[in-house]
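Right, one structure below, let's go through it.
Chain letters run A, B, ... following the sequence lines, proteins first, then strands; residues in each count from 1. Basis for what follows: all heavy atoms, side chains included, without hydrogens, waters or symmetry-related copies. For clarity, every value in this text was computed on a predicted model and none was experimentally measured.
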2 protein chains.
Amino acid sequence: MLNYSTSEENYIKAIFHLQKQDGTVTTNELANELKTKPASVTDMMKKLKAKKLLNYQPYKGFRLNNDGTRVALGIIRRHRLWEYFLAEKLKFSWDEVHEVAEDLEHVSNKKLIDKLDEFLGFPRTDPHGDPIPDANGKIEISRKICITELPLHTVAIVSSVSDQSSEILELLEHKKITIGTKLEVKKKFDFDKSMEIRIGRHPVFTISDRLAQNIFVQSN
Amino acid sequence: MLNYSTSEENYIKAIFHLQKQDGTVTTNELANELKTKPASVTDMMKKLKAKKLLNYQPYKGFRLNNDGTRVALGIIRRHRLWEYFLAEKLKFSWDEVHEVAEDLEHVSNKKLIDKLDEFLGFPRTDPHGDPIPDANGKIEISRKICITELPLHTVAIVSSVSDQSSEILELLEHKKITIGTKLEVKKKFDFDKSMEIRIGRHPVFTISDRLAQNIFVQSN
DNA sequence: AAATGGGTTTAGATAAATCTAAATTAAATA
DNA sequence: TATTTAATTTAGATTTATCTAAACCCATTT
């Protein structure tokens, strides 16, 4: 099991998150995601290609291969276990864990992570509702759909939120939407794609399309 | 509170440990400690002097000033809290925690460390018996003496071991010497400075001077 | 098919941390 | 005090990760 630099790991993780399903990732997308410059991305892609972690032909975009995916899942496992630890044991609030885990995830001692996993009782999801890969890199494919796709008047349980900036988390807290919240979409407006939702017996209220796109529910 | 690179932190910590009491640290000592080259040490000393963390005149050795000491105590606090966490919560064995903590200590998020401290119940010493600085950088001055200084036939309690290589810890484990062990020096030999010690009602056995110099007991 | 323009890559520079080899200083010795 | 030697510093090179600016590719549009 080779070790990768913090910078390499950040690139690998970002590619994993961006490549979703079948597509490839472009230089600009990645530069934007990592708040770096396209030239830096190209340099790193050459390096990761040389390390055989991704498929990359100049001008054609890139995609993690099997080895790269395995590495990415290891990083995500560390990140999500630390998030769980921070929320569950250290009582960090939901919107603070991501940032701290960004640093902790780069400490890559397998025994540490496996023992942490055991200490935490082998949690299946992190505080945002995202599945945690196991020690072998296996991850539950979460059958989740965005509430923008949810039929009207159907109660569903919030299982995760995708954007993990503290801004969105602050907003969700204000609206009292969290993992496990039961909600129902009452109305959608074509004009701005905003929607009215209801939580339990509380009055109906409005959320923007931008926010709705980041809220997911379990679809089993 | 400024941030320092992993490399800077390793230098600061090493100086702190080497400078003991009143003396200064030399370039070679530090290079040896950090397994680096004297030229690299000189470069870093210029940098740390520019950051006003130490007193340094070319060819005269160096010593942390107040700010440098404060930074060092922060690093040591993080290191020892993680060691405690690893031993107490993750059930790492005594001789494994140091190495893992070497990585974790560089994650320098004050809130993380203060919450970890609280979660652990504000431990006073790490698994090696060394005191943990509090959130303000206060550290108990441990009144400990080396067993080489201990008068004969005086029972004392092992409170810490200084060298934290896995080699010494393996040897201590074999000899059944650990923090809290009650022992008594029965005989010292001038020739090789080896000594015979007794633990509880077990038969007397010999330890080398090299080992003895790393075993400390509380002297209150 | 030629031109345009956005996305991408290359070229060359910079900063951090390290190294080797050479020069320098200070302390010990003759 | 002059000399030797060991420790230390300087000079210059290397690696990693980044940047800016210039060059390049290619798909879409005239």
Side-chain angles (χ1 to χ4, degrees), chain A residues 2-16 18-20 23-64 68 71-72 75 102-103 105-108, chain B residues 2-16 18-20 23-64 68 71-72 75 102-103 105-108:
Chain A
L2 294 173
N3 272 318
Y4 300 97
S5 72
T6 294
S7 186
E8 288 169 334
E9 289 191 345
N10 285 334
Y11 276 92
I12 293 166
K13 190 169 53 124
I15 296 169
F16 182 90
L18 288 174
Q19 71 187 12
K20 299 284 175 197
T24 63
V25 181
T26 69
T27 304
N28 270 358
E29 276 169 5
L30 194 45
N32 186 56
E33 173 78 10
L34 292 170
K35 284 147 187 16
T36 183
K37 295 293 180 293
S40 308
V41 171
T42 300
D43 285 347
M44 185 58 85
M45 291 310 98
K46 287 188 207 163
K47 201 169 148 191
L48 295 182
K49 185 189 183 183
K51 293 193 177 188
K52 301 192 192 303
L53 296 178
L54 48 76
N55 302 318
Y56 164 55
Q57 296 295 97
Y59 297 99
K60 298 283 180 63
F62 23 82
R63 190 175 170 74
L64 295 176
V71 173
I75 301 164
E102 284 291 291
D103 288 332
E105 73 184 10
H106 299 296
V107 177
S108 61
Chain B
L2 295 174
N3 272 317
Y4 301 96
S5 71
T6 295
S7 186
E8 288 170 334
E9 289 191 344
N10 285 334
Y11 277 92
I12 293 166
K13 189 170 54 125
I15 296 169
F16 182 90
L18 288 173
Q19 71 186 12
K20 299 285 176 197
T24 63
V25 182
T26 68
T27 304
N28 270 358
E29 276 170 5
L30 194 47
N32 185 58
E33 174 78 10
L34 292 170
K35 285 150 188 16
T36 183
K37 297 292 180 293
S40 309
V41 172
T42 300
D43 285 346
M44 185 58 87
M45 292 309 98
K46 286 189 207 163
K47 201 169 148 189
L48 295 181
K49 185 189 182 182
K51 294 192 176 189
K52 300 190 191 306
L53 296 177
L54 49 76
N55 303 317
Y56 165 55
Q57 296 294 96
Y59 298 100
K60 298 285 181 59
F62 24 81
R63 189 174 170 76
L64 295 176
V71 173
I75 301 164
E102 284 291 291
D103 289 332
E105 73 185 10
H106 299 296
V107 177
S108 61

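Considering only heavy atoms from C-beta on, A:Ile75 stays 4.5 Å or farther from A:Phe16 through its side chain. Residues A:Lys13 and A:Glu33 fail the side-chain proximity criterion, which asks for heavy atoms closer than 4.5 Å.
For A:Thr27, a side-chain nitrogen or oxygen approaches OP1 or OP2 of C:dT9 to under 4.0 Å. Contact annotation: A:Tyr56 side-chain N/O to C:dT8 OP1/OP2 distance is not under 4.0 Å. Listed pair A:Asn28 / C:dG6 fails the phosphate criterion, with no side-chain N or O lying under 4.0 Å from OP1 or OP2.
Rounded to an integer number of Å, the gap from B:Asp43 CG to D:dT15 P is 17 Å. Atom P of nucleotide C:dT18 and atom CG of B:Leu34 are separated by 9 Å, given to the nearest angstrom. Going from atom CE of A:Met45 over to atom C1' of C:dG7 covers 15 Å, rounded to whole Å. Protein atom CE of A:Met44 is 10 Å distant from nucleotide atom P of D:dT16, rounded to whole Å. Rounded to an integer number of Å, the gap from NZ of B:Lys37 to P of C:dA16 is 23 Å. Atom NZ in B:Lys46 sits roughly 15 Å away from atom P in C:dT18 (whole-Å rounding). To the nearest angstrom, C1' of D:dA7 lies 14 Å from CG of B:Leu30. The CG atom of B:Leu48 sits 13 Å away from the P atom of C:dA16 (whole-angstrom rounding).
The OG1 atom of B:Thr42 sits 13.5 Å away from atom NZ of B:Lys37, with the distance rounded to the nearest 0.5 Å. In this structure, CZ on A:Phe62 lies 12.5 Å from NZ on A:Lys46, to the nearest 0.5 angstrom. The line from CE of B:Met44 to OG1 of B:Thr36 is 9.0 Å long, rounded to the nearest 0.5 Å.
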Test side chain to side chain contact (heavy atoms under 4.5 Å, CB included) applied to B:Met45 and B:Leu30, step by step: CA-CA 10 Å; B:Met45 292 309 98; B:Leu30 194 47; 3.7 Å; yes

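Residues A:Ser40 and B:Pro38 both approach DNA chain D. Their nearest nucleotides, taken by heavy-atom distance, put B:Pro38 toward the 5′ side.
Between B:Asn10 and B:His106, the side chains place a donor N or O and an acceptor N or O closer than 3.5 Å (distance only, hydrogens not considered).
Under a 3.5 Å cut-off, the side chain of A:Gln19 and the backbone N or O of A:Leu64 do form a donor-acceptor pair.
Within 4.0 Å of A:Thr42, counting heavy atoms only, lies at least one base atom of the nucleic acid.
Between B:Ile12 and B:Gly68, the shortest heavy-atom distance links the atoms CG2-O, 3.9 Å.
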Annotated protein contacts, base or backbone, on nucleotides 21-27 of chain D with a non-hydrogen cut-off under 4.0 Å, one of B, S, - each: ---BS--

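Proximity of residues 3-16 of chain A to DNA chain D (heavy atom under 4.0 angstrom from any strand atom) is restricted to A:Ser5, A:Ser7, A:Tyr11.
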